[in-house]
Amino acid sequence: MMLYVSTRNHKEQVSASQAILKGLADGGGLFVPEELPALGVPVERLAEMSYQETAYEVMKLFLTDFTEEELKSCIKNAYDGKFDTKEIAPLAKAGDAFYLELFHGATIAFKDMALSILPHLMITAAKKNRIEHEIVILTATSGDTGKAALAGFAGVPGTKIIVFYPKDGVSPIQQKQMVTQKGENTLVVGINGNFDQAQTGVKQMFSDKKLGEALAAAGYQFSSANSINIGRLVPQVVYYVYAYAKMVKAGEVENGEPMNVAVPTGNFGNILAAFYAKHIGLPIGKLICASNENKVLYDFFTTGTYDRNREFVLTSSPSMDILISSNLERLIYRIAGNDDKKNLSLMEGLQEQGRYEITPEMKSQLSAFYGNYASEEETAAAIRKVYKESNYILDPHTAVAAAVLDKYRAETGDTSKTVIASTASPFKFTRSVMSAIDKSYGSKPDFELVDELSALSGISVPQAIEEIRTAEVCHKTVCEINQMQSVVKEFLQIQ
């Protein structure tokens, strides 16, 4: 059976189901597999598989204490009619890139790919481990995780979900999606602060022993739906395997020929999943890490120093407005030679001084990565260019990746086939998208622009947007950063 260890303490060893239930390891560490498995199915067989069949072949390697029946049931319940296409994650070719459309789920963002299965994995894990406490999902969101997690956990027996988001740091449509969420087990809270502050507040609650005891006494335990949960990360590995197999089937790459992957990156989970896919045996060449103006990751890949001591910029790609990329810790741990003490000292540096520096030896292990960033002007220009050349409309996050891919190709001359992770529907960011295409659209209300975008693209308005046009606001709570724990206690009615 595959065991998972904490990146900060090797003595903490758990099974996959226990790692999913806990979310975050004790002491703030993240769970990682003791060793990465090998993809045992040949690509020619994967090329003939459905998304669901591919998901089983990949996820069974990581979730070894789930039975075949349990895992197949979770997959079947997750990847069903909630997605508006049977392919689940179709590939679209536009210009000289392939866009892996990860936004066909219930909330039209890539978070659906993992958050539609996480509740099923978690409930199965709770039964397996005879958990009697009610699970409280505690999550911070920079825009998309919140709604996808809410949609996944709303009404699920034995769970409650609390989502914190930066009140002024998400798009109007992202906010409306969250605050209109129905379900007695749900709470959505806007904070007067940014995403990093929300995420730090959530992490502090996870590691607060006194709060943990109060929860247990009231019959609750925390878990996470953020990408720090291994139950989020494993399903994300699937779509890179699926994309490569489909590229081979379509004759776009030869079996064994490497493809590059370009990923718009904030919390580092999505590109880490591509890194894991590469290390289980998928022929991935370069991992192109695309940042917006919050370019902390670009600076890290360039200099070897991670430094969050900088101005936090609100951009048109809000899900990437992040200065503390939590999942990077899993990569740091790996390039530190799986040394928990070395990793812990670096993470303490991040917490205490807001920065850390890796050794030249560690930096030499990052050769598969290329980091760059796109300014707001470059992001808008990428939306405009792809629309004019291919009549294909990108959301601002995907546009960041497209702009960075252009920079990478210009710098390196690498013409390898590249898959761009297309992380959200342009309908979530109508104002940014439409004003990038033509500035005259900028003065219209967001929901009016939805119809304009539909007319322009020839794509009907997604159900997720139609539902919230006139939906009633159910969540009006707003708090300061230092009030987050009080809000949680009040919702759960604990002292």
Side-chain angles (χ1 to χ4, degrees), residues 2-9 12-33 59 62-63 65-66 74 111 114-129 131-142 145-146 148-150 152-153 156 158-164 185-187 195 198-209 211-216 219-236 267-270 272-273 324-330 333 347 484-485 488 491-492:
M2 179 182 284
L3 290 176
Y4 286 78
V5 294
S6 166
T7 51
R8 301 186 190 185
N9 178 9
E12 189 174 0
Q13 285 190 333
V14 295
S15 67
S17 63
Q18 289 165 335
I20 288 168
L21 282 170
K22 283 194 80 169
L24 198 62
D26 295 339
L30 305 186
F31 288 116
V32 290
M59 290 171 68
F62 290 90
L63 309 180
D65 65 330
F66 285 73
C74 290
K111 308 292 172 81
L115 281 164
S116 58
I117 195 167
L118 184 62
H120 302 289
L121 294 174
M122 206 167 267
I123 296 306
T124 306
K127 283 180 193 155
K128 262 183 168 342
N129 291 277
I131 298 297
E132 297 188 359
H133 286 164
E134 191 159 335
I135 296 164
V136 179
I137 304 296
L138 186 65
T139 286
T141 184
S142 54
T145 285
L150 288 160
F153 283 95
V156 173
T159 69
K160 284 186 167 48
I161 176 163
I162 304 168
V163 170
F164 289 96
N185 66 333
T186 66
L187 176 67
F195 168 73
Q199 181 166 254
T200 300
V202 163
K203 281 185 170 178
Q204 283 168 349
M205 282 188 264
F206 267 97
S207 54
D208 187 324
K209 285 201 164 72
L211 179 60
E213 286 162 9
L215 282 168
Y220 295 118
Q221 71 178 59
F222 279 147
S223 190
S224 170
N226 276 82
S227 56
I228 53 176
N229 192 316
I230 200 72
R232 271 276 306 273
L233 195 57
V234 169
Q236 290 180 273
N267 220 11
F268 207 74
N270 204 1
L272 182 73
I324 304 171
S325 302
S326 289
N327 267 292
L328 185 64
E329 178 171 347
R330 286 184 164 113
Y333 167 82
M347 294 308 130
M484 288 169 67
Q485 188 169 134
V488 168
F491 179 62
L492 299 177

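Just so we're clear, the structure is a prediction, and the values are computed from it rather than from any experiment.
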Closest non-hydrogen atom pair, Val234 against Tyr4 = CG2-OH, 4.4 Å

For Phe222, the ring-ring contact (aromatic ring centres under 6.0 Å, His included) test, sequence neighbours excluded, returns Phe206

Check: Val202 and Met484 side chains under 4.5 Å, non-hydrogen atoms = yes

Do Ser17 and Asn129 have side chains that get closer than 4.5 Å, going by heavy atoms?
-> yes

Note, Leu233 side chain near Leu272 side chain (heavy atom, < 4.5 Å) = yes

Please report the shortest heavy-atom distance between Arg330 and Ile228, naming the atom on each side.
-> NH2-O, 2.7 Å

4.5 Å side-chain heavy-atom contact, Lys111 and Leu118 = no

Given side chains that start at C-beta, do those of Glu12 and Phe31 come closer than 4.5 Å, heavy atoms only?
-> yes

Backbone of Asp65 reached by a side-chain donor or acceptor of Lys128 within 3.5 Å = yes

Exercise: do Gln199 and Asn267 side chains pair donor with acceptor under 3.5 Å = yes

Answer whether the closest heavy-atom distance between the side chains of Leu30 and Leu24 falls below 4.5 Å.
-> yes

Go through the side-chain N and O atoms of Ser326 and Lys203 and say whether any donor and acceptor fall under 3.5 Å apart.
-> yes

Which heavy-atom pair separates Ser224 from Ile137 by the least distance, and what is that distance?
-> C-CG2, 4.3 Å

Shortest non-hydrogen contact between Ile117 and Met59, atoms and distance | CD1-CE, 3.5 Å

Counting distance only, does the side-chain N/O of Asn185 pair as donor-acceptor with the main-chain N or O of Phe153 below 3.5 Å?
-> yes

Do you know which two heavy atoms are closest between Leu21 and Ser223, and how far apart they sit?
-> O-OG, 2.6 Å

Met122 versus Thr159: any side-chain heavy-atom pair under 4.5 Å?
-> no

Can you see which heavy atom on His133 is nearest to which on Tyr220, and at what distance?
-> ND1-O, 3.6 Å

Look only at the side chain of Thr139 and the backbone of Ala225, and say whether a donor-acceptor pair between them is shorter than 3.5 Å.
-> yes

Are the side chain of Asn270 and the backbone N or O of Gln236 linked by a donor-acceptor pair below 3.5 Å?
-> no

Beyond-backbone contact of Phe66 with Ile20, side-chain heavy atoms, under 4.5 angstrom | yes

Which of Ile162, Leu150, Val163, Val488 passes side-chain contact (heavy atoms from CB on, under 4.5 Å) with Leu187? It is Ile162

Consider only side-chain N and O atoms of Arg232 and Asn229, and report whether a donor and an acceptor are under 3.5 Å apart.
-> no

Verify the distance criterion only: is there a donor paired with an acceptor across the side chains of Asp26 and Ser6 at less than 3.5 Å?
-> no

For side chain to side chain contact (heavy atoms under 4.5 Å, CB included), just list the numbers for Arg8 and Glu329, CA-CA rounded to whole Å, side-chain angles, deciding distance to a tenth of an Å, and then say yes or no.
-> CA-CA 10 Å; Arg8 301 186 190 185; Glu329 178 171 347; 2.8 Å; yes

Look up atom CD1 in Ile131 and atom CD in Gln18, then write down how far apart they are to the nearest 0.5 Å.
-> 8.0 Å

